[in-house]
There are 2 protein chains.
Amino acid sequence: MNNPLIRKLEQFTRLSGSDRTILDELASTGIRRLSARRDLVREGEKPRAINLMLDGWAFRYKMLEDGRRQIISFFLPGDLCDLNIYLLREMDHSIAALTPLTFCEIPRDTFEQVTERPRIVQALWWDSLVAAAIQREWTVNLGQRNALERISHLICELFFRIRGVGLNDDTSFFCPITQNDLAEATGMTSVHVNRTLQELRGRGLVHWKGKQVEIPDLGALCQLALFNQNYLHLDREGAHLDAND
Amino acid sequence: MNNPLIRKLEQFTRLSGSDRTILDELASTGIRRLSARRDLVREGEKPRAINLMLDGWAFRYKMLEDGRRQIISFFLPGDLCDLNIYLLREMDHSIAALTPLTFCEIPRDTFEQVTERPRIVQALWWDSLVAAAIQREWTVNLGQRNALERISHLICELFFRIRGVGLNDDTSFFCPITQNDLAEATGMTSVHVNRTLQELRGRGLVHWKGKQVEIPDLGALCQLALFNQNYLHLDREGAHLDAND
DNA sequence: CGTGCCGTTGACGATATTCAAGTGCAGTGG
DNA sequence: CCACTGCACTTGAATATCGTCAACGGCACG
């Protein structure tokens, strides 16, 4: 099986054959499927297990009492949600599938097996530090960037992350986000998202057709978005841990 | 010494005498002082150590190339920044003192001593899960709430967090944030922050005089802010781990 | 007694929202 | 095959929210 978690972690450090075996076992326990737009996890529930996304996209969201909804983050294949989440009594947010989704629920005990593997543990730490950095960058995005920059920045981030697990296609990638989702993720209305995408299309920076997003000139888009990829920590920072086999 | 980290962690679980001794030793190594508005950590630097805030406030921030600045989070006494941060090659954000600050730099080796203590390790995990939840809530705040709700929500959050380490004063607390800081934290201009605070004052919900913030009716403020404290996980969720001594 | 920071105010303008209606397209079922 | 339905996307006009610019007052500090 093609394990996107391995692919992602190897952006940090090269894993050994036995490391990969362990991660493959991890990713084959408790596999579940869910159709699009269904909740995997609901706010208020007791957390059950660690979820690992294998195929398809998902998103974290939170609703306000009056019905407003904010998408807090996107989960791509290879993404883990909330290591050690079972320490909490109840979830403070929900997670839903964006597409038909294949994921696995890793029980606490199973997960603790990988604790024996220092290289994997460090790679997982790297991953959660990056996840935290992404959340911080969303704060910056929502707080400081205007509509055009904000949408552009999100597109850049998704492209780099998708490329990290090898699911891109040169200058384009499959992106199942609707304009309404984009609105909920960027804190704008869908009307304004629509107009902003038209502006990007008009400038020749992004061609979003259906679920395929093409970026003819990534450099130009990054510049417009004030996108600095440093927060994704993609420069093989754990190279000194590389396995030799 | 009155260790605010202990105070904070005991919102999760009761610690034993020896747990507290270890945390007191932790909080007495590498003590440093910094005057207000100076950087503790700069974007681009190699991370050195884990920082623990002991006295005074600090904040994380990030600057865009064109000079715009977003405050990403506030650090109060007892707050730790970035466990395992030394896995990263360079910092993707900066941290500065908001007031004259006393903090300690905990080297990697020193920190790893506490790994022997399962109860402390779990409490630290709880703390970092809460920190992540706070960052998510900021995303919701910036994305969905309007100016009045947004400022109110931030005030509610700060009050609950300050109360968690016992630094509040019944219905008020010391809050060294200027209107300009508030603007950078909430993604508004300082002019609009000013007008929003006047509105809150006019409604009798918040009296912000100098560095003292009074909240006459916390319930009413929470209601206006659509504030739900569940994300702070303050209900002693680790009570089953309580030490007996 | 300046100097600088913080808070405050007014007038004006830009950015984004609201409301309402309409298009195109894929999927469903007669 | 075609009507029907629902969803995603699109458009226009009116409006609200928030930003910009510029100026002023109070207060602490040197």
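Here is the naming used below: chain letters follow the sequence lines, and residue numbers restart at 1 for every chain. Keep in mind the model is a prediction, meaning the values are calculated, not measured. Just so it is clear, the values below take in all heavy atoms, side chains as well, and ignore hydrogens, waters and symmetry mates.
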For [X] and [N], give me the distance from atom [atom1] to atom [atom2], rounded to whole Å.
X      : N      : atom1 : atom2 : answer
B:H192 : D:dA16 : NE2   : P     : 14 Å
A:Q198 : C:dT15 : CD    : C1'   : 16 Å
A:I177 : D:dC9  : CD1   : P     : 11 Å
A:N194 : C:dA16 : CG    : C1'   : 14 Å
A:K209 : C:dC25 : NZ    : C1'   : 15 Å
A:R37  : D:dA8  : CZ    : C1'   : 10 Å
A:E184 : D:dA8  : CD    : P     : 11 Å
A:N146 : D:dT20 : CG    : C1'   : 15 Å

Select base, sugar-phosphate, or nothing to describe what [X] touches, counting heavy atoms under 4.0 Å on all strands.
X      : result
B:T178 : sugar-phosphate
B:R145 : nothing
A:G210 : nothing
A:R201 : sugar-phosphate

Practice task
Answer with yes or no whether A:R195 presents, from its side chain, a donor or acceptor under 3.5 Å of a partner atom in the base of D:dG12.
Solution key: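 Donor-acceptor pair under 3.5 Å: yes.
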
Practice task
Report the nucleotide, chosen from D:dC18, C:dT17, C:dT8, that has the shortest atom-to-atom distance to any side-chain atom of A:T189.
Solution key: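 Side chain of A:T189 sits closest to C:dT17.
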
Handout entry: Output field: ring centroids B:F160/B:F227 closer than 6.0 Å
Key =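 Between B:F160 and B:F227, the centre distance is under 6.0 Å.
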
Handout entry: Lys/Arg N to Asp/Glu carboxylate O, B:R60 vs B:E43, below 4.0 Å
Key =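 B:E43 and B:R60: not salt-bridged.
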
Exercise for the section: Output yes when B:R136 and A:D92 qualify as a salt bridge under the 4.0 Å nitrogen-oxygen rule, no when they do not. Expected result: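 Answer for the salt bridge query: yes.
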
Practice task
Could you tell me whether the side chains of B:T139 and A:Q135 share a donor-acceptor contact shorter than 3.5 Å?
Solution key: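 Yes, because at least one side-chain N or O of B:T139 sits under 3.5 Å from a partner of the opposite role on A:Q135.
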
Handout entry: Heavy-atom neighbours of A:Q223 CD exceed 12 at 6.0 Å
Key =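 No, the 6.0 Å shell around CD holds no more than 12 heavy atoms from other groups.
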
